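Below is one structure, written out as structure tokens; the observations come after it.
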Amino acid sequence: MPEGLLDVQGLGIRFGGLDAVKDVDATIPAGQITAIIGPNGAGKSTFFNLISGFYVPTAGAIRFAGEDITRLKTHQVVSRGIARTFQTTTIYKELSVLDGVMIGHRVRTKAGLFDALLRTGREKHDEAESRAGAMRALERVGLTSQAGRLAGALTQEGQKRVGIAMALCSDPRLLLLDEPAAGMNPEETTNLMGLIRELVGGGLTIALVEHKMSLVMGLADRILVLHHGQKIAQGTPTEVSRDPAVIEAYLGSHAHGGQMGQGEQASTTTGADHA
Ligand SMILES: Nc1ncnc2c1ncn2[C@@H]1O[C@H](COP(=O)(O)OP(=O)(O)OP(=O)(O)O)[C@@H](O)[C@H]1O
Ligand SMILES: [Mg+2]
């Protein structure tokens, strides 16, 4: 496997006595869609929290575009070209879509909330630029016509698109999506898959965590499977769905069905993000 846009080696983090992620070697190739799957509590969101600088690993290394980013802070990671969305949608429902995207972007990219809220002269000067950037992001997710609406009035799919627009404001090379289709009906899920394909077609690299196997199997070029914090498989959808360790992990932990590749959700619960 050639060097990826992002490579992790021996990556791990321990919380008390629990190895939430342990000794993971993985590669996210440029220009592709990589899905990270695994049962509830497998360490998928934690893996994203490590890559995006929300957690500092207790072991291992993270390289992005040839640079060691293992110990960078969240805003530094964003500035290198990695952006993310969250498992729990965090949009500003009481604001217009455009204002919410602008503020959300600022809060995520500054060193602290105080920094973000402190409107220095320079920030005010930057406002027009920031507005234009937010409008470009809204255009990429197909929400131009909704820019003036209250974000809370959008559909579930619309709100997820707002979350993606916030992430796109920093013009990332790698976008991490944590359960982008959670709470969506089949039609909305299909629309979202179309958007993800479009973004990758435009040159973006995407890694996503998702329980909906129809989405994973329909979109992913490669799949990384985590179980109890460890990588149990990485390969193409076909390779992974035939892997005995993967089948065992899914059957073993989902007594009520949810075998991979059946087009249904492999899990019925979605816990809150721990970030
Ligand atoms: N900040 C934290 N402190 C303590 N334990 C944590 C923390 N973050 C995550 N964990 C634990 O690490 C494990 C992995 O959690 P994680 O949220 O990464 O799982 P997941 O694969 O995203 O699950 P789900 O599919 O339910 O979203 C869980 O046992 C969780 O309770
Ligand atoms: Mg999660």
Side-chain angles (χ1 to χ4, degrees), residues 6 8 10-26 28 33-60 62 70-71 73-74 77 82-90 156 160 163-164 167 175-184 189 192 196 206-217 219-220 222-234 240 243 245-262 264-275:
L6 185 116
V8 304
L11 192 65
I13 188 164
R14 240 179 125 74
F15 296 114
L18 175 85
D19 284 302
V21 170
K22 190 181 181 192
D23 202 22
V24 172
D25 293 338
I28 295 176
I33 300 173
T34 300
I36 294 122
I37 65 168
N40 288 120
K44 306 179 298 294
S45 293
T46 303
F47 182 69
F48 274 4
N49 285 332
L50 287 167
I51 293 172
S52 52
F54 281 79
Y55 293 160
V56 180
T58 44
I62 308 168
T70 314
R71 295 188 180 275
K73 302 207 177 349
T74 50
V77 173
I82 301 179
R84 68 174 298 186
T85 65
F86 293 84
Q87 184 165 344
T88 310
T89 313
T90 47
Q156 184 62 228
K160 287 283 186 183
I164 294 173
L175 177 61
L176 310 174
L177 304 172
D178 198 348
E179 301 204 20
M184 283 191 188
T189 303
L192 177 79
I196 291 173
I206 290 186
L208 57 90
V209 166
E210 190 49 66
H211 283 292
K212 282 191 174 143
M213 284 303 146
S214 56
L215 181 147
V216 169
M217 293 299 164
L219 273 186
R222 298 185 64 76
I223 300 178
L224 164 68
V225 190
L226 297 179
H227 189 37
H228 298 311
Q230 291 185 278
K231 179 176 88 171
I232 58 167
Q234 180 165 23
V240 157
D243 191 303
V246 176
I247 294 166
E248 170 63 26
Y250 273 86
L251 288 181
S253 58
H254 294 278
H256 303 294
Q259 188 180 352
M260 288 192 58
Q262 292 184 331
E264 287 301 316
Q265 255 184 273
S267 166
T268 49
T269 55
T270 46
D273 199 297
H274 300 280

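The structure presented is a predicted model; accordingly, all values stated were derived computationally and were not measured. Whatever order the structure lists them in is the order used to number ligands and atoms, beginning at 1. The basis for the numbers below is simple: all heavy atoms, side chains too, and nothing from hydrogens, waters or symmetry mates.
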Item checked: Sub-4.0 Å heavy-atom contact, G41 with ligand 1 ->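 Yes, G41 has a heavy atom closer than 4.0 Å to ligand 1.
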
Note to self: Using heavy-atom distances only, which candidate in I36, T46, N49 approaches atom 15 (O) of ligand 1 most closely?
What the structure shows: T46

Say whether [X], considering both its backbone and side-chain N or O atoms, lies within less than 3.5 Å of an N or O atom on ligand 1.
{"X": "F47", "value": "no"}
{"X": "A42", "value": "yes"}
{"X": "G43", "value": "yes"}

Notebook entry, point to check: What is the minimum heavy-atom distance between I51 and I62, and which atoms define it?
Noted result: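 So the two residues come closest at CA-CD1, 4.1 Å.
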
Kindly indicate whether the side chain of [X], heavy atoms from C-beta on, has any atom under 4.5 Å from the side chain of [Y].
{"X": "E248", "Y": "H227", "answer": "no"}
{"X": "H211", "Y": "N40", "answer": "yes"}
{"X": "D243", "Y": "V225", "answer": "no"}

Any idea which atoms of ligand 1 are less than 4.0 Å away from a heavy-atom of [X]?
{"X": "Y55", "result": "1 (N), 2 (C), 7 (C), 8 (N)"}
{"X": "S45", "result": "17 (O), 18 (O), 20 (P), 22 (O)"}
{"X": "E179", "result": "25 (O), 27 (O)"}
{"X": "Q87", "result": "27 (O)"}

Margin query: Using a 3.5 Å distance criterion without hydrogens, assess whether the side chain of K231 forms a donor-acceptor pair with backbone atoms of D25.
Written below: yes

Item checked: Check: A245 main-chain N/O paired with Y250 side-chain donor or acceptor under 3.5 Å ->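 Judged by distance alone, no pair lies under 3.5 Å.
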
Next item on the list: Verify side-chain contact (heavy atoms from CB on, under 4.5 Å) between I36 and F48, making sure each step is shown before the conclusion.
Entry: CA-CA 10 Å; I36 294 122; F48 274 4; 3.5 Å; yes

Margin query: With respect to the Mg ion (ligand 2), please indicate if S45 possesses an N, O or S atom at a distance under 2.8 Å.
Written below: yes

Margin query: the Mg ion (ligand 2) and Q87: any N/O/S contact shorter than 2.8 Å?
Written below: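 Yes, within the cut-off.
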
Notebook entry, point to check: So, R14 versus T58: side-chain donor-acceptor pair below 3.5 Å or not?
Noted result: no

Note to self: Applying a heavy-atom cut-off of 4.0 Å, say which part of L18 lies close to ligand 1: side chain, backbone, both or neither.
What the structure shows: side chain

